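All figures in this text were calculated on a predicted structure; none of them were measured in a lab. Worth knowing before you read on, the calculation uses all heavy atoms, side chains too, and leaves out hydrogens, waters and symmetry mates. Below, chain A is the first sequence line, B the second, and so on; all start at residue 1.
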Amino acid sequence: MQRIKELPKRIGEEVVLRGWLMNARSSGKIAFLQVRDGSGVVQAVASRAELSERAWEDVQKITQESALRLTGTVSEDPRSPSGVEIHLLDLAVEHLSEEFPITKKEHGTGFLMDHRHLWLRSSRQRAALKVRSEVSQAIRDFHYERDFVLIDSPILTPAACEGTSTLFETDYFGDQAYLSQSGQLYLEPAAAVFGKVYCFGPTFRAEKSKTRRHLMEFWMVEPEVAFLEFAGLCDLAEEFISYLVARVLDRCAEELKVLERETSKLEAATSPFPRITYTEAIETLQKSAVSIEWGEDFGGDDETILAEQFDRPVLVTHYPTALKAFYMEPDPDNPELALALDVLAPEGYGEIIGGSQRIHDHDLLKRRLEEHELPLEAFQWYLDVRRYGTFPHSGFGMGIERFVAWVCGLKHLRETIPYPRMLNKIYP
RNA sequence: UCCUCGGUAGCUCAGUGGUAGAGCGGUCGGCUGUUAACCGAUUGGUCGGGGGUUCGACUCCCUCCCGGGGAGCCA
């Protein structure tokens with residue numbers, strides 16, 4: 001069977017295609033069928049004179065999204081949208097579709113989300129998911145090429161990584177278990193095995209967030225590297241982002257075109273990225289007449305203002321310790337600050353990476369657990385990493401949906417994942 | 001959880017006290033190069049649920065339900 005993508009190599013040949021009807025335009029004795037097979041879209045031209053009576057009748061009655069088997073000859077034609085078209089010789093209707101809910105005209109988001117399984121067939125959704133797939137592959141290739149070992153962290157976990165309020169709870173043979181919200185803690189012991197490790201999988205947050213930048217279930221990639229200190233972590237994050245962007249520009253040109261993404265904005269995302277400290281960021285915001293004091297965290301608007309200062313992602317470093325997670329290493333020059341890093345995407349897409357150097361001193365980490373009122377017994381295994389040949393190490397996490405949203409220029413995260421899980425919405 | 005906007009035909013919406021409308025879709029007919037094709041006809045409704053005000057409620061009031069957008073929090 002022929003795939004539409006390969007048709008330009010088959011000019012003049014007779015081929016058989018199977019696919020779905022996107023749209024049909026009929027003009028009496030000639031009809032134009034837009035057919036999709038998963039690899040691409042092609043126009044088939046059906047003329048009454050060249051078809052059997054039965055085939056012509058089928059052309060008249062086929063509905064949007066019907067499954068078809070087409071036989072025809074391939075020709076180049078500048079009048080066809082793709083430059084290639086099929087002159088139809090025969091048509092078999094494999095299934096006559098019922099009236100398809102998603103039409104060529106506009107629909108509201110609520111309706112589209114209720115029909116997500118069908119909405120996926122439309123070209124923009126298709127393009128976004130193709131980019132997501134390429135990003136996933138590029139993430140694996142990036143780590144593989146650099147000798148990282150994949151560590152699959154557990155999804156069912158006994159306790160919180162960073163707190164309990166945002167965890168999905170489930171029953172585990174009579175005990176409580178929670179869906180993982182980060183693989184990081186499980187990665188740190190593995191860094192002592194392989195030196196360079198990463199995990200990549202779904203994570204779950206039960207936070208009642210109802211914004212375009214949040215999902216209840218999202219995919220996160222988290223590298224963790226032994227003996228990597230903070231400066232090296234910043235370099236790694238920068239190299240990672242620019243690698244992924246270059247890969248999408250190289251391999252997803254068609255998809256970015258469908259998404260009408262202005263690629264010049266992405267082409268700028270090459271090393272080096274600007275780097276500012278939290279304190280500098282606060283000063284910048286205050287100059288922009290934002291009322292924010294040192295010690296406060298940034299809101300979504302603040303992140304946008306900061307990112308707008310630059311044409312590529314910006315690294316914001318050295319946050320106040322009080323704002324960050326318990327495991328982050330204090331800056332040796334100023335213990336008020338954490339060796340923490342956020343990467344903000346341009347154009348208002350916000351935080352795509354959060355990471356830090358980790359505390360490797362046992363006593364300090366234990367003290368931080370106590371300060372955060374976390375149960376020591378539950379973290380004993382995590383403290384063990386600091387008892388048996390402890391080592392400085394660093395890592396970060398990137399939510400791939402936010403990255404894909406930025407690269408694709410999508411306003412809402414729900415279009416970057418096949419079946420988004422959102423606040424109070426888990427269908428289909 | 002809070003703020004805000006909304007719920008009328010399969011879809012997108014208009015109608016804001018006096019018998020329910022349009023475009024698209026569907027159906028039927030016309031058209032030999034269409035590009036969300038076009039032209040003509042036609043089909044299509046417990047106006048989110050409940051209660052109240054009124055001679056009369058899609059319209060005003062109360063209440064509940066559902067959805068969109070945003071805030072906080074984060075990736």
Side-chain angles (χ1 to χ4, degrees), chain A residues 22-34 41 43-51 56 59-61 63-65 75 77-83 85 87 97-115 118-119 122-123 161-163 165-166 181-184 200 202-222 237 296-303 323-325 341-345 349-355 396-406 411-414 416-417 422-425 427:
Chain A
M22 293 175 74
N23 190 24
R25 287 180 281 272
S26 162
S27 184
K29 288 167 186 144
I30 190 167
F32 304 92
L33 313 179
Q34 312 295 327
V41 179
Q43 171 164 276
V45 183
S47 29
R48 185 174 194 170
E50 293 169 27
L51 287 172
W56 181 251
V59 168
Q60 302 306 298
K61 78 176 187 202
T63 50
Q64 187 190 348
E65 290 302 321
S75 66
D77 196 316
R79 292 172 295 183
S80 170
S82 67
E85 63 182 24
H87 284 273
S97 174
E98 294 177 31
E99 190 180 329
F100 197 63
I102 297 170
T103 65
K104 287 162 279 178
K105 289 281 180 173
E106 62 203 304
H107 296 285
T109 19
F111 179 81
L112 289 170
M113 285 306 299
D114 286 343
H115 296 83
L118 303 177
W119 187 24
S122 54
S123 54
C161 289
E162 301 174 27
S165 62
T166 63
Q181 59 177 351
S182 166
Q184 181 205 318
F200 183 27
T203 57
F204 307 87
R205 307 260 167 110
E207 186 67 41
K208 298 219 170 190
S209 301
K210 202 185 156 192
T211 82
R212 70 181 74 179
R213 299 215 290 235
H214 291 88
L215 295 169
M216 303 300 105
E217 178 181 320
F218 65 98
W219 280 60
M220 189 154 67
V221 53
E222 297 173 271
E296 292 178 52
D297 211 347
F298 307 128
D301 292 344
D302 303 329
E303 287 181 354
L323 288 180
K324 290 293 181 180
L341 151 80
D342 279 2
V343 178
L344 306 181
Y349 283 92
E351 186 182 337
I352 49 175
I353 277 183
F396 63 78
M398 186 187 83
I400 73 162
E401 287 77 13
R402 286 193 184 169
F403 178 83
V404 171
W406 166 49
K411 288 190 197 75
H412 204 299
L413 245 46
R414 66 185 157 218
T416 65
I417 187 167
M422 304 197 300
L423 188 59
N424 300 329
K425 189 159 182 78
Y427 177 92

If only side-chain N and O atoms of A/H214 are considered, is one of them under 4.0 Å from the OP1 or OP2 phosphate oxygen of B/A71?
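For B/A71, neither OP1 nor OP2 has a side-chain N or O of A/H214 closer than 4.0 Å.
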For a quick test of reading the model: is some side-chain N or O of A/R212 closer than 4.0 Å to OP1 or OP2 of B/A71?
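Answer is no, no contact under 4.0 Å.
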Contact nearer the 5' end of RNA chain B, comparing A/D297 with A/D301
A/D301
Pick the nucleotide of RNA chain B nearest each of A/F32 and A/F298; which residue has the one closer to the 5' end?
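Upstream on the strand: A/F32.
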If you round to the nearest 0.5 Å, how far is [atom2] of [Y] from [atom1] of [X]?
X      : Y      : atom1 : atom2 : result
A/F396 : A/Q184 : CZ    : CD    : 12.0 Å
A/K29  : A/W56  : NZ    : CH2   : 9.5 Å
A/R48  : A/S26  : CZ    : OG    : 10.0 Å
A/M216 : A/T203 : CE    : OG1   : 11.0 Å
A/H214 : A/L423 : NE2   : CG    : 11.0 Å
A/H87  : A/D77  : NE2   : CG    : 6.0 Å

Among [options], which nucleotide sits nearest the side chain of [X]?
X      : options             : value
A/R205 : B/G68, B/G33, B/C74 : B/C74
A/H412 : B/C73, B/G33, B/G69 : B/G69
A/R213 : B/G72, B/C74, B/A75 : B/C74

Show the nearest heavy-atom pair for residues A/L118 and A/I102, with the distance to one decimal.
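Smallest heavy-atom distance, with atoms named: C-CD1, 3.7 Å.
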Please tabulate the protein-to-nucleotide N/O contacts below 3.5 Å involving nucleotides 3-5 of chain B, giving atom names and distances.
none

Would you kindly give the [atom1]-to-[atom2] distance between [X] and [N], to the nearest whole Å?
X      : N     : atom1 : atom2 : value
A/D302 : B/A71 : CG    : P     : 11 Å
A/M422 : B/A75 : CE    : P     : 20 Å
A/K61  : B/G26 : NZ    : C1'   : 17 Å
A/L423 : B/C2  : CG    : P     : 13 Å

Considering every strand and a 4.0 Å limit on heavy-atom distances, what is the contact class for [X]: base, sugar-phosphate, or nothing?
X      : answer
A/L215 : base
A/S209 : base
A/H115 : nothing
A/G299 : sugar-phosphate
A/S26  : base

Extract from the structure each pairing of a protein N or O with an N or O of nucleotides 7-12 of chain B at less than 3.5 Å, listing the distance.
residue	atom	partner	partner atom	Å
B/C11	O2'	A/E106	O	3.2
B/C11	O2'	A/H107	ND1	2.6
B/U12	OP1	A/G108	N	2.9

Using the [atom1] atom in both, what is the distance from [N] to [M], to the nearest Å?
N     : M     : atom1 : answer
B/C58 : B/U46 : P     : 14 Å
B/C65 : B/C24 : P     : 39 Å
B/G26 : B/C11 : P     : 15 Å

Against A/R213, only a single residue in A/E401, A/E303, A/E351, A/E207 fulfils salt bridge (Lys or Arg N to Asp or Glu O under 4.0 Å); can you say which?
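So, applying the salt bridge (Lys or Arg N to Asp or Glu O under 4.0 Å) to A/R213 and each of A/E401, A/E303, A/E351, A/E207, only A/E303 qualifies.
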Please work out whether the ring planes of A/F111 and A/H115 are parallel, tilted or perpendicular, with thresholds of 30° and 60°.
tilted
Do the side chain of A/T63 and the main chain of A/E99 share a donor and acceptor less than 3.5 angstrom apart?
no
